[in-house]
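Report on one structure; see the data block that follows.
A quick note: this is a predicted structure, and the numbers were derived from the prediction, not measured. All heavy atoms count here, side chains included; hydrogens, waters and symmetry mates do not. Per chain, numbering begins at 1; letters A, B, ... match sequence-line order.
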Amino acid sequence: MRVRFAPSPTGYLHVGGARTALFNWLFARHHGGTFFLRIEDTDRTRSTEEAIEAILDGMTWLGLSWDRWEKAPGAAPIRQTDRLALYQSRARQLFDAGMTYRCYCSAEELDARRQEALKRGEVPKYDGRCRSLAHDDGRQHSSVTLDGRPFALRFKTPQEGETVVDDLVKGRIVFENRQLDDLIILRSDQTPTYNFCVVVDDVDMAITHVIRGDDHLNNTPRQIQLYRAFKFPLPRFAHLSMILGADKARLSKRHGATAVQAYREMGYLPDALVNYLVRLGWSHGDQEVFTREELVAQFSLDHITSSPAVFNTEKLLWLNATYLKTVDPKVTLPAIRDLLARRGLLVSDARIEDVFLAHRERARTLVEIADAVTMYEPGHRRIDAEAGQKFLTPDALPFLKRFCDLLRAAPFEKPSQEQIFATMMAETGQKMAKLAQPLRVALTGKSVSPGIYDVLRLLGKDEALARVASVIRALEEGKPDWLTP
RNA sequence: GUCCCCAUCGUCUAGCCUGGCCUAGGACGCCGGCCUUUCAAGCCGGCAACACGGGUUCAAAUCCCGUUGGGGACGCCA
């Protein structure tokens, strides 16, 4: 089994592409096959090095390792621009066999005709006008300026009969050949085009299964014609349905984040994203959470859904929270460190881990963990207005003061802190919840936090005292920020 | 416009191929309860779907046809 992921480097690796890559990767790993990464950069005006970097970065982050190709020199991904000579010779082969012809129509003319056809409600298909031109003069077709005019090389697509795509996820699909037009295989600058390169490359790389988005389904019959022209054996095809946005339109930037990197920045774990993505279109009974090993062991093309799926951030968030509960904190350290560095904070790994452990139960993303770390930093004095208004009222003053006194006097350890609360509950007749809440807000600025003893420990005696004192001062001065919006 | 794909809870899906076990299962979210030092988490419970219309059959979510709706493609992009 040999598969490939073949992105065009015109932008980031988006979640749709990532899922395609993931399915290919899982298929290869499951069958002990080979997974290649091939950069389809023949459109030199749109391909960029940055995009290639972004794709490799995204794949690496997701843990989708690609294999090296025996015919290629190194471990670097295969790039079509390195293989132009092969496409040229393959095009020449078809030309010599009389299966192509020169098309002198300019891009502008074609575009104009297409627009007009569309406007008249006709099929915007190439009319094949250059097909009948006499041009088989035996001269080199590779010369752009043959007889003074540039030309593109078109493939004579059979117009009779039908082409059947036997798709592994969609089933048997029949296309009438007269629907297909004569596609350009070499542009007028003699560079090859997509449909041609894919076929040449997939054959050259001995790809056995072409797993890709179903936006390529309509290209498949054209490609099959090319396979036939070359008398190449056909690979198996598997077309994956699209990922949609909440409005059921194809997922795009306007639906929010689509770049894989954006998810890293939002504090998602790569394993969680992978787990989410794999369930978008694939299932294994009722199972929702999978380890990477389980995925590799259980993945199969049989259980891929043929209908499109809506991307749902809520579920991704839930999965991420689920992973956060059990992940080894150590593996998340670099990411959290990075998140903190962006805020100009340098915090020790031990400290980050400490906070992580206290907050993992209630955090959904690494960003929330970073927020927690930030919140415990000495000098942090932000109080959420809503939490402050509710709990840090003048009524809380006596209690806050009493707590300060007791905390200052006692050893800074959990048993004595429990004793403090016991004392205060006895003195006031209040329940723990009533007492802990104002303190929590004074300490963390939020009405949500880990247990109060954990918060105290994470803060340390001096900082804890300082925070409560600052709240007391604000209250006594009569105008704390949270009460004067 | 033409061609292609798709159609089960709001969302992801199981079931469909090989009709009966489906008074349609799971998950996210939502609602409620329990637990509790807050909030979460966890646990328990609830709401919620076979797009519609025709067939075929003793029997259809499952098979067939049509309709509607959604998506995709129709580039010298990939």
Quiz item: Glu361(A) side-chain donor-acceptor pair to G42(B) base, under 3.5 Å: no
Report the residues that fulfil side chain to side chain donor-acceptor pair (under 3.5 Å) with Tyr126(A), sequence neighbours left out, ordered by chain and then residue number. none
Looking at Arg212(A), I'd like to know whether one of its side-chain N or O atoms comes within less than 4.0 Å of OP1 or OP2 on G72(B). no
Side chain of Phe175(A), heavy atoms from C-beta onward: which of C3(B), C74(B), G15(B) has the nearest atom to it? C3(B)
Select one nucleotide: of C76(B), C39(B), G72(B), the one nearest the side-chain heavy atoms of Val448(A). C39(B)
Would you list the protein and nucleotides 6-11 of chain B atom pairs, both N or O, that sit under 3.5 Å from each other?
residue: U11(B); atom: OP1; partner: Lys248(A); partner atom: NZ; Å: 3.0

Sequence neighbours excluded, which residues qualify as side chain to side chain donor-acceptor pair (under 3.5 Å) partners of His255(A)? Asp247(A)
At a cut-off of 3.5 Å, list every protein nitrogen or oxygen paired with a nitrogen or oxygen from nucleotides 32-37 of chain B, distance to 0.1 Å.
residue: U37(B); atom: O2; partner: Arg440(A); partner atom: NH2; Å: 3.3

Looking only at side chains, do Tyr194(A) and Asn219(A) share a donor and an acceptor under 3.5 Å apart? no
Which protein N or O atoms sit under 3.5 Å from an N or O of nucleotides 21-25 of chain B?
residue: G25(B); atom: N2; partner: Asp286(A); partner atom: OD1; Å: 3.0

Can you tell me which residue pairs pass the salt bridge (Lys or Arg N to Asp or Glu O under 4.0 Å) test with a partner in residues 302-327 of chain A, sequence neighbours excluded? Glu288(A)-Lys315(A)
Using the test side chain to side chain donor-acceptor pair (under 3.5 Å), find all partners of Asn320(A) that sit at least two apart in sequence or belong to another chain. none
List in chain and number order the residues that pass side chain to side chain donor-acceptor pair (under 3.5 Å) with Arg79(A), two or more places apart in sequence or in another chain; answer none if no residue qualifies. Asp41(A), Glu49(A)
Could you name each residue pair satisfying salt bridge (Lys or Arg N to Asp or Glu O under 4.0 Å) that touches residues 414-440 of chain A, not counting sequence neighbours? Arg402(A)-Glu427(A)
Which sits closer to the 5' end of RNA chain B, Pro192(A) or Met242(A), going by the nucleotide each is nearest to? Met242(A)
Quick one: list whatever passes salt bridge (charged side-chain N to carboxylate O under 4.0 Å, His left out) with Lys461(A), sequence neighbours left out. none
Contacts of Arg381(A) that satisfy salt bridge (charged side-chain N to carboxylate O under 4.0 Å, His left out) - sequence neighbours left out: Glu463(A)
Just N and O in the side chain of Arg172(A): are any of them under 4.0 Å from OP1 or OP2 of C17(B)? no
Using side chain to side chain contact (heavy atoms under 4.5 Å, CB included) as the criterion, list what pairs up with Arg83(A), not counting sequence neighbours. Trp69(A), Ile78(A), Leu86(A), Tyr87(A), Asp201(A), Asp204(A)
So, is Thr193(A) close to the G75(B) phosphate, meaning a side-chain N or O under 4.0 Å from OP1 or OP2? no
Between Thr193(A) and Ile184(A) (side chain of the first, backbone of the second, donor and acceptor by atom type, cut-off under 3.5 Å), is there such a pair? yes
Please confirm whether the shortest side-chain N or O distance from Ser283(A) to OP1 or OP2 of A14(B) is below 4.0 Å. yes
